[in-house]
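Step one of this worksheet: look at the structure below.
When a ligand or atom number is given, it counts from 1 through the structure's own listing order. Computed from a predicted structure; not experimentally measured.
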Amino acid sequence: MVAYKSRTVERIRLPSRERRERALEGAGYNVFNIDAEEVFVDLLTDSGTGAMSDRQWAALMRGDESYAGSRSFTELESAVEEVMGFSRVIPTHQGRGAENVLYGALLSEGDVALNNTHFDTTRAHVANQGADAVDCPDETARDLDADEPFKGNFSLERGWEVVEDVGADRVPLVILTITNNSAAGQPVSVENTRRVAEFADEIDATFVIDACRFAENAHFVREREPEFEGRSVAEIAREQLGYADAVVMSGKKDALANAGGFVATADPDLVERCKARAILYEGFPTYGGMSGRDVAAMAVGLREAVEPGYVEDRVESVRTLAALLEEAGVPIVTPPGGHAVYLDAESFYPEIPPAEFPGQALVCELYREGGVRGVELGSFAFPDADRPELVRLAVPRRTYHREHFEHVAETARAALERREEASGLRLVTDPEMPEIRHFTAELEPVSDSTSIRTEGRR
Ligand code: F0G
């Protein structure tokens, strides 16, 4: 069922193959370094790249820019309370600002944080506090085409193993990321959430939900967890988030905003500790580094995310892309998650070893073939983790249509047909923080045969 019509459009153009070749080389084979103008279909991220609604634009015009006590903040507080069930909110400039505020308040040097799977910025913020980030993914996450309903779950077995190993005193923080972005955007069940809450309680740790994609997760719960059949996304979201002591949120995801984030909790002590850090790093706690108008638009977006129709349309568009890619013979992680389709680069390029970043090679080929920008989430992005070689094609919210996805699938098909020509890559720069090297590092092809690629292509 179609849920929107467009009133503002933006012209896009496919640059010539020569321009794409030049752009790729100039970017050091890292698509983060390519100008957006040189990209045709941009699936780098679903973060802050979606289309806002007419109601969000209207809210933007009414934003209150007061330094303290802004009306837009009051609107955010009531949206967070109604949608997520938390009475205290600390806005931040985006999700990682919220991570810095909250994790800085909860972690000290030598601590261990557990997470179903840490996202890159989460892992980096844990490391930045001198703590260790340990992943506890469900076993099914490794099986890229297992038809399991909740491959994003937290493995309690693994959690207990770590606790027995390091001692409960060293684990003050347990995080549950819904949906599990680094594990192919797979959902987490409410039952698993309850068990993680009990586990955190038993070891006396604070239980935080990274709620970036909480509405998408609630949709999967409704579809796949029998207990929740027939319940609304709004009800499920409140129930699931209700098990947490606090949430970290990027407003750029399921609050449908172009900027913003927040920490929310009902714990008055925690809120005071967070406020002090927020003032230091973000801004006064009624704007937190955002303009008042952005706060206002985020408040409206948060409510829209749980309205009937929104998330169904969203997940359907991801499924359309997944189906087209499968038809084109491209190996993908199934079932697809809520915000992106993840390609299996190991199967795509069995000849390219992990040390030569098969995922990044695929990212480069998708750009070279069709101006499509995705992101590597394999051994380039996660250097020390034992994880599959994935490429994520993230779908911005309310932005692209079937024709765009057809182009993406055709591009991937073309890359597949030319798979023998693809080369692995090696790093030529070595950024300081390994957890976030993929944003800036430059690479070069292992085989220096790029010149033959420019001949005879569209
Ligand atoms: N947590 C998760 C699970 C995320 O996916 C992200 C961002 C963040 C925290 C940080 O939020 O970007 O607002 O600072 N993910 C984006 C992505 C960047 O492309 O998946 P942020």
Please confirm whether the backbone N or O of [Y] pairs with a side-chain atom of [X], one donor and one acceptor, at under 3.5 Å?
X: Asn116; Y: Thr177; value: yes
X: Gln240; Y: Val188; value: yes
X: Gln186; Y: Thr179; value: no

Handout entry: Trp160 CH2: over 12 foreign heavy atoms closer than 6.0 Å
Key =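 For Trp160, atom CH2 is crowded (more than 12 foreign heavy atoms under 6.0 Å).
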Practice task
Step through the shown structure and confirm whether more than 12 heavy atoms of other residues, nucleotides or ligands are within 6.0 Å of CZ on Arg293.
Solution key: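 No - once you tally the heavy atoms of other residues, nucleotides and ligands closer than 6.0 Å, there are 12 at most.
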Handout entry: Residue pair Arg303 / Ser78, side-chain donor-acceptor N/O under 3.5 Å
Key =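 Judged by distance alone, the side chains do pair up.
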Handout entry: Close residues, ligand 1: non-hydrogen atom nearer than 4.0 Å
Key =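 Heavy-atom contacts below 4.0 Å: Thr45, Ser47, Gln94, Gly95, Arg96, Glu99, Phe119, Thr121, Thr177, Asn181, Asp210, Cys212, Arg213, Ser250, Lys252, Lys253, Arg392.
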